[in-house]
Enquirer: 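First the structure, which I've put down as structure tokens, then a few questions once you've had a look.
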Amino acid sequence: MDIQWYPGHMTKTRKQIQQNLKLIDVVVELLDARIPASSRNPVINDLLLNMPRVVVLNKADLADPEKTTLWLKYFEKLGLPGVAVDSQRGVGIKQMLNKTANQARPAIQKYMDKGRRARSARCMVVGIPNVGKSMLINRLAGRSATRTGNRPGVTRGEQWIKLGDSLELLDTPGILWPKFEDPEVAFKLAVTGAIKEQIYDPQDICVRLVNWLTEMAPGALDARYGTGAVTGDVGATMHAIGAKRGFYLSGGKIDAHKTAVLIIKEFREGKLGHYTLDLPE
Ligand SMILES: Nc1nc2c(ncn2[C@@H]2O[C@H](COP(=O)(O)OP(=O)(O)OP(=O)(O)O)[C@@H](O)[C@H]2O)c(=O)[nH]1
């Protein structure tokens, strides 16, 4: 889904999420494990206030596992249980469901303290575009046999997916906006694919990416493209990669755009290594 965020849209989204929050006991906050800070909504703590929450570091298969551990510790310190997940392959899902059910337990207890029979805890997934909300929900829905019908108070079309005996999931995720004003954050969102191609210039992003890799993972580009020693000159590095792949324009010039698109694509696919671009404070 390609979303252009503007103040009116943010207000509408915020209201919608606040409406849905009334229906649920626990929130699954989905972040990109490669950029846990940059993929976080800037006002999430205000938005969720005292809502029980589980932080899911999704796409953990593409991130640096050591950094993922650091991030999980960081969130734990903030009182937010976290879990690393690969929604594509279904890794970490069971742990996520257990933590989610645990977080909802006090709310259910409170409900039962009023003399009512136990009910399933209700949760919803929230996250910025492209973080993997649909993939996670589809995976969870695939695991469960039953989909319950509409409930009063739920927008038409929204349904609850039963996840085992004690958990239900709202099948419509909350889409949040990222911190796109900060150029550093915008770079990280673009390079990981959270911002669509139309909004940024691949060559700009690629120059930053090559600089980042040269500093943080010297040898990574060389290992993938075999272009010889990294020169420290971004233009020359990109030129060498383009030449290696045969990306020539008429007249023998290198197609810089095509080269940039390739490097970004392969970075996103993890072919240049597994990296986490944000570090906990
Ligand atoms: N490698 C990997 N890719 C993932 C994972 N989860 C999602 N993806 C990919 O990330 C992309 C976005 O996933 P979606 O589920 O469409 O993300 P979304 O948050 O629903 O996106 P919007 O509809 O834009 O809000 C897809 O290409 C998925 O295949 C994961 O855990 N690992």
Side-chain angles (χ1 to χ4, degrees), residues 1-6 9-10 12-14 16-17 20 27-42 44 47 53-65 67-69 71-72 82-97 99-100 123-144 155 157-159 161 163 169-180 185-186 188-200 261-262 264-278:
M1 196 186 301
D2 193 6
I3 300 171
Q4 303 291 330
W5 291 100
Y6 54 92
H9 194 140
M10 290 192 226
K12 193 168 161 234
T13 304
R14 191 186 184 118
Q16 207 158 30
I17 288 184
N20 283 337
V27 171
V28 174
E29 185 191 351
L30 211 52
L31 301 177
D32 186 321
R34 296 167 296 174
I35 49 167
S38 304
S39 60
R40 209 148 196 239
N41 173 270
I44 191 77
L47 214 55
R53 220 188 310 177
V54 173
V55 172
V56 171
L57 299 179
N58 192 41
K59 309 196 187 186
D61 54 307
L62 298 173
D64 174 344
K67 307 264 165 57
T68 299
T69 305
W71 273 107
L72 291 174
V83 53
V85 163
D86 168 359
S87 305
Q88 205 156 43
R89 290 175 193 79
V91 179
I93 299 289
K94 208 170 161 198
Q95 208 189 349
M96 184 211 104
L97 288 173
K99 291 203 176 190
T100 307
C123 64
M124 79 182 279
V125 172
V126 303
I128 66 165
N130 213 48
V131 73
K133 298 178 294 299
S134 304
M135 179 144 285
L136 177 65
I137 291 175
N138 287 341
R139 177 154 291 280
L140 293 169
R143 282 168 56 101
S144 81
T155 315
E158 284 177 346
Q159 286 195 318
I161 303 164
L163 309 174
L169 171 77
L170 191 61
D171 81 354
T172 308
I175 304 173
L176 298 169
W177 60 97
K179 287 177 265 192
F180 41 70
V185 170
K188 291 174 183 175
L189 291 169
V191 83
T192 54
I195 297 180
K196 298 287 183 238
E197 274 77 5
Q198 300 90 291
I199 311 177
Y200 64 85
V261 170
L262 171 86
I264 295 169
K265 177 174 168 283
E266 299 208 327
F267 175 80
R268 284 180 190 164
E269 291 168 351
K271 288 182 178 157
L272 305 180
H274 294 176
Y275 303 106
T276 302
L277 290 89
D278 285 334

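Counting convention: from 1, in listed order, for ligands and their atoms alike.
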Enquirer: Is there a side-chain contact between L31 and W71 (heavy atoms, below 4.5 Å)?
Expert: no
Enquirer: Where do M124 and N20 come nearest, in terms of heavy atoms and distance?
Expert: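 The answer is SD-CB, 3.7 Å.
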Enquirer: Under a 4.0 angstrom heavy-atom cut-off, which atoms of ligand 1 come close to L62?
Expert: 1 (N)
Enquirer: Identify the heavy atoms of S87 and R139 that sit nearest to each other, and give their distance.
Expert: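 Looks like O-NE, 2.5 Å.
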Enquirer: Measuring from atom 19 (O) of ligand 1, which candidate in Q88, K59, K133 has the nearest non-hydrogen atom?
Expert: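 Closest candidate by heavy-atom distance is K133.
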Enquirer: Going by heavy atoms in the side chains, are L176 and V131 under 4.5 Å from each other?
Expert: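 No, every pair of side-chain atoms sits at 4.5 Å or beyond.
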Enquirer: At less than 4.0 angstrom from any non-hydrogen atom of S134, what atoms of ligand 1 do you find?
Expert: 15 (O), 18 (P), 20 (O)
Enquirer: With nothing but distance in play, are any N or O atoms of P129 less than 3.5 Å from an N or O of ligand 1?
Expert: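 N/O-N/O distance under 3.5 Å: no.
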Enquirer: If we only count N/O pairs under 3.5 Å, is L136 in contact with ligand 1?
Expert: no
Enquirer: Looking only at distances, can you tell me whether any N or O atom of R89, backbone or side chain, sits closer than 3.5 Å to an N or O atom of ligand 1?
Expert: no
Enquirer: Counting only heavy atoms, which portion of N130 has something under 4.0 Å from ligand 1: side chain, backbone, both, or neither?
Expert: both
Enquirer: Please compare G132, G193, G270, G174 and report which has the shortest non-hydrogen distance to atom 14 (P) of ligand 1.
Expert: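 Ranked by closest heavy atom to atom 14 (P) of ligand 1, first place is G132.
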Enquirer: Work out which heavy atom in T192 is nearest to a heavy atom in R34; give both atom names and the distance.
Expert: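 Answer, listing the atom of T192 first, then R34: O-NH2, 3.2 Å.
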Enquirer: Looking at ligand 1, does any of its N/O atoms fall within less than 3.5 Å of an N/O of I175?
Expert: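 Min N/O separation from ligand 1 is not below 3.5 Å for I175.
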Enquirer: Heavy-atom distances under 4.0 Å are what count here, so tell me which part of L30 touches ligand 1: side chain, backbone, both or neither.
Expert: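 It is neither; nothing of L30 touches ligand 1.
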Enquirer: Provide the closest heavy-atom pair for W177 versus P42 in the form atom of the first, atom of the second, distance.
Expert: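 That closest heavy-atom pairing would be O-CD, 3.5 Å.
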Enquirer: Identify the heavy atoms of T100 and C123 that sit nearest to each other, and give their distance.
Expert: CG2-CB, 4.0 Å
Enquirer: Find all atoms of ligand 1 within a distance of less than 4.0 Å from any non-hydrogen atom belonging to S87, and give their numbers and elements.
Expert: 6 (N), 30 (C), 31 (O)
Enquirer: Donor-acceptor check, side chain of N58 to backbone of L30, threshold 3.5 angstrom: yes or no?
Expert: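 No; judged by distance alone, with no hydrogens or angles, the pair does not exist.
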